[in-house]
Peer 1: 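Below is a structure I'd like to ask you about.
When reading the values below, keep in mind they use all heavy atoms of this one structure, side chains included, and skip hydrogens, waters and symmetry mates. Just so it is clear: chains get the letters A, B, ... in the order the sequence lines come, proteins before strands, and each one is counted from 1.
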Amino acid sequence: MAKLVATLASTHHPFYLKATTAPPDQQMPQAPEWKRKIEAYRETLAKTKPDVLVMVGSDHFHQIFLDNCPQFLIGKASRYDATFYNEEREFGIPKYLLEGDEDMSRFMHQSLMDQNFDFAFSNELKIDHSIICPIITVRPDNDLPVVPIYTNIFAPPLHSPRRFYDLGRAIRKAIDDYPSDKRVAAIGTGHLSLELGGPRQFMETGPDPVFDRQAIEWLRAGDIDAILANVTHQSMEKSGNATHGFLNFILMLGVAGPEGADYVDNLDLFHTMEAYFTWYPKEQAA
Amino acid sequence: MSKYYVNKFLFTVDRDPEYLKRYIEDPRSFVATWEQSIGPKLLGNEMEASTVHVLTDKEREALINHDFVALFEIGAHFFLNLTLFIGIYDAPYMAKSGPLSFQREFAAKLQHWLELDYPSIAT
Ligand SMILES: [Fe+2]
């Protein structure tokens, strides 16, 4: 059976590449620290020597729109183009071409259906920055095949925090059951408190620094009970109108299981708290 | 009211450099063109007409005026509303007042919503 070797959950920040590759005299003061933290985080993946990446993200109205809007979707293709024109325009993210793993996509799709998750699927999926940002940060060589999974964190009504956690558990089971000797890493991105297009956007900190610190502690401890007792759609809305990206962190905790993280780091950037977590399955931990 | 149709406008313009250019240069005539021949196409199928939605006068005026405050108040999706107007105003604001100046002005113009429940973006 396939072996899960690492679960990574982080924020995605589309300006990382631009911020850290600008000429040094034009870089923001935090750029060197940001780069150091990202490179240290990258190492938590590299040392597990994965063969394939299960990537969890959320399309930001690039391919998916309100005329046809799935809650959960899995990509099933041999390749995935990535980066849309408006992402190049706004963030300066280049185009990528990712290898797919159709066999693993097919297996996971069936497994998730069998576990009662009605997944939509796509045989022609173009990937956006929710999945390209972590490629840029933790696997910039883009040398591994991926199985992309999209969640709806964007167009209400959204599934509950509990459902996201349960989906993470189901993804874990699908990986564990996959008949292959491959080493699999699961990588998902979302947000802590975040405001976009509202009165609290682009402040000195994220819109709710208290939530951000609390969320990091919950994830550090793997305390799913506290998360499910405290985090609701209403509470996330209060923390910032785009805070629902935290649902992907809850999902990734489901993949890892309710355990303390093996690696935790964060960085207080203008307008958002960045956070980086890695879990190693317990039987693998050093 | 058709939040969906407002979002469809923002979505179709944000993803197309040619539409974006026309919306910057002459928003009134572009919005008219959009209502006549771009909006009424089924997404992903150039051949098929979609007759379901129309803009209200208020929605039309908000789009013509690049009025992102009114669009927020209508309940347009925050991501589309931000991204499209960044596409239009970020560069000129940057040249004049530095990085993030447009984004901060956008936030400042919405300060009256700070303590309130925001208009619903549900469609
Ligand atoms: Fe995002």
Side-chain angles (χ1 to χ4, degrees), chain A residues 14-15 18-19 22 26-28 58-69 83-92 122 124 126 128-130 152-158 191 194-204 207 233-234 237-238 240-245 269-272, chain B residues 2-8 10-18 20 41-45 50 52-53 68-69 71-72 75-88 90-91 99-123:
Chain A
F15 282 111
K18 216 175 179 177
Q26 288 165 39
Q27 288 189 10
M28 58 192 281
S58 302
D59 180 82
H60 300 62
F61 292 142
H62 288 121
Q63 179 163 345
I64 293 169
F65 186 59
L66 303 167
D67 61 321
N68 187 353
C69 192
T83 310
F84 289 76
Y85 141 74
N86 44 9
E87 296 176 293
E88 285 186 283
R89 183 188 79 209
E90 187 174 350
F91 310 127
S122 172
E124 189 173 15
K126 184 156 184 169
D128 88 349
H129 70 265
S130 63
N152 173 22
I153 56 159
F154 223 45
L158 309 180
H191 299 291
L194 182 66
E195 176 102 343
L196 295 173
R200 295 171 288 175
Q201 71 177 2
F202 296 95
M203 303 190 304
E204 288 311 309
H233 292 143
Q234 290 75 12
E237 183 76 43
K238 275 209 160 21
N241 65 352
T243 305
H244 300 88
L269 273 184
F270 68 97
H271 89 86
T272 148
Chain B
S2 174
K3 272 193 263 184
Y4 170 77
Y5 214 38
V6 170
N7 286 330
K8 186 175 182 180
L10 301 173
F11 172 76
T12 51
V13 177
D14 187 55
R15 62 184 4 220
D16 184 313
E18 181 57 31
L20 181 61
K41 275 183 193 155
L42 196 63
L43 284 168
N45 188 334
S50 170
V52 180
H53 297 286
F68 47 84
V69 172
L71 291 168
F72 175 92
H77 197 282
F78 55 82
F79 186 85
L80 295 167
N81 193 30
L82 177 61
T83 301
L84 179 61
F85 289 105
I86 282 179
I88 297 176
D90 187 50
L100 297 179
S101 52
F102 172 66
Q103 290 81 341
R104 293 205 169 106
E105 181 176 312
F106 191 125
K109 287 184 168 162
L110 288 168
Q111 284 306 299
H112 53 291
W113 283 97
L114 203 51
E115 303 299 329
L116 305 174
D117 289 339
Y118 299 174
S120 167
I121 59 160
T123 50

Peer 1: Tell me whether the rings of B:Phe68 and B:Phe85 are parallel (<30°), tilted (30 to 60°) or perpendicular (>60°).
Peer 2: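 If you compare the ring of B:Phe68 with that of B:Phe85, the planes turn out tilted.
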Peer 1: Judged by atom type as modelled, is there a donor-acceptor pair below 3.5 Å linking the side chain of B:Arg15 to the main-chain atoms of A:Phe61?
Peer 2: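 Looks like no, no N/O pair under 3.5 Å.
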Peer 1: Using only atom types and a distance under 3.5 Å, with no angle test, would you say the side chain of A:Gln27 pairs donor to acceptor with the backbone of A:Ala22?
Peer 2: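 It does hold such a pair.
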Peer 1: Examine whether an atom of A:Phe202 lies under 4.5 Å from a heavy atom of chain B, and if so say whether it belongs to the side chain, the backbone or both; otherwise answer neither.
Peer 2: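 Answer is both: backbone and side chain atoms of A:Phe202 are under 4.5 Å from chain B.
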Peer 1: At a 4.5 Å cut-off on heavy atoms, which part of B:Thr83 comes close to chain A: side chain, backbone, both, or neither?
Peer 2: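 Looking at B:Thr83, backbone and side chain both touch chain A.
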Peer 1: In sequence, state the C-alpha distance, the side-chain angles, and the governing distance for B:Asp14 and A:Arg89, and then conclude on salt bridge (Lys or Arg N to Asp or Glu O under 4.0 Å).
Peer 2: CA-CA 10 Å; B:Asp14 187 55; A:Arg89 183 188 79 209; 2.5 Å; yes
Peer 1: List in chain and number order the residues that pass salt bridge (Lys or Arg N to Asp or Glu O under 4.0 Å) with A:Asp59, two or more places apart in sequence or in another chain; answer none if no residue qualifies.
Peer 2: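 Counting only residues at least two positions away or on another chain, A:Asp59 forms no salt bridge (Lys or Arg N to Asp or Glu O under 4.0 Å).
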Peer 1: With only heavy atoms counted, which part of B:Asn7 is less than 4.5 Å from chain A, the side chain, the backbone, both or neither?
Peer 2: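 For B:Asn7, the contact with chain A is made by backbone and side chain together.
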Peer 1: Measuring heavy-atom distances to chain A, does B:Lys109 have an atom under 4.5 Å in its side chain, in its backbone, in both, or in neither?
Peer 2: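 For B:Lys109, there is no contact with chain A at all, as no heavy atom is under 4.5 Å.
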Peer 1: Name the region of B:Ile86, side chain, backbone, both or neither, that has any atom closer than 4.5 Å to a heavy atom of chain A.
Peer 2: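 The side chain, not the backbone.
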Peer 1: At a 4.5 Å cut-off on heavy atoms, which part of A:Glu90 comes close to chain B: side chain, backbone, both, or neither?
Peer 2: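 Just its side chain gets close to chain B.
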Peer 1: Can you say whether A:Phe154 sits under 4.5 Å from chain B via the side chain, the backbone, both, or neither, judging by heavy atoms?
Peer 2: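 Both backbone and side chain.
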Peer 1: Relative to chain B, which segment of A:Glu87 carries a heavy atom at a distance below 4.5 Å: side chain, backbone, both, or neither?
Peer 2: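 For A:Glu87, no heavy atom lies under 4.5 Å from chain B.
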Peer 1: Answer with side chain, backbone, both or neither: which region of B:Leu42 has an atom nearer than 4.5 Å to a non-hydrogen atom of chain A?
Peer 2: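 For B:Leu42, there is no contact with chain A at all, as no heavy atom is under 4.5 Å.
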Peer 1: Quick one: of B:Asp90, B:Leu110, B:Leu114, who has the most non-hydrogen atom pairs under 4.5 Å with chain A?
Peer 2: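 Heavy-atom pair counts peak at B:Leu110.
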Peer 1: Partners of A:Pro156 by side chain to side chain contact (heavy atoms under 4.5 Å, CB included), sequence neighbours excluded?
Peer 2: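 Expected list: B:Ile121, B:Ala122.
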Peer 1: What part of B:Phe72 is in contact with chain A, defined as an atom under 4.5 angstrom from a non-hydrogen atom: side chain, backbone, both or neither?
Peer 2: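 B:Phe72 touches chain A through side-chain heavy atoms alone.
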Peer 1: Any side-chain heavy-atom pair from A:Lys126 and A:His62 closer than 4.5 angstrom?
Peer 2: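 When only atoms from C-beta onward are counted, A:His62 and A:Lys126 do not touch, as no gap falls below 4.5 Å.
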Peer 1: Examine whether an atom of B:Pro17 lies under 4.5 Å from a heavy atom of chain A, and if so say whether it belongs to the side chain, the backbone or both; otherwise answer neither.
Peer 2: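 For B:Pro17, heavy atoms of backbone and side chain both lie under 4.5 Å from chain A.
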Peer 1: Going by atom types alone, do A:His60 and A:Asp128 pair a side-chain donor with an acceptor below 3.5 Å?
Peer 2: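 A pair is found: one side chain offers a donor N or O, the other an acceptor, under 3.5 Å apart.
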